[in-house]
J.: 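Can you read through this structure? Questions will come right after.
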Amino acid sequence: MDYVSALLPPAVMAVFFIGVIRVIVKTQGGANKAKEDAAVDAALARVEGARQSGAAPSRTDA
């Protein structure tokens, strides 16, 4: 029975790993892709806007 207890943890980890890979592959693209892309674009626009508004006063001072 020692071999069963020795093989169980790697087998369980392999099953979970395969499950995670399947979820990652299934969630790529599809209907969620447009929402995710829009969220990333909005976040990048906010960061870019904050960087430009923060950099504008230092350019006028120089």
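All heavy atoms count here, side chains included; hydrogens, waters and symmetry mates do not. Here the structure is a predicted model, which means the values were calculated and not measured.
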J.: Which heavy-atom pair separates P10 from A6 by the least distance, and what is that distance?
T.: CD-O, 3.4 Å

J.: Should I21 and M13 be counted in the same cluster of Ile, Leu, Val, Met, Phe, Trp and Tyr side chains packed under 4.5 Å apart?
T.: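 No; M13 is not reachable from I21 via cluster members.
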
J.: Please determine whether residues F16 and L8 belong to a single hydrophobic cluster, defined as Ile, Leu, Val, Met, Phe, Trp and Tyr linked transitively by side-chain heavy-atom distances below 4.5 Å.
T.: yes

J.: Say you draw a straight line from CD of E48 to CG of D41; how long is it, rounded to the nearest 0.5 Å?
T.: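 The CG atom of D41 is 12.5 Å from CD of E48, to the nearest 0.5 Å.
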
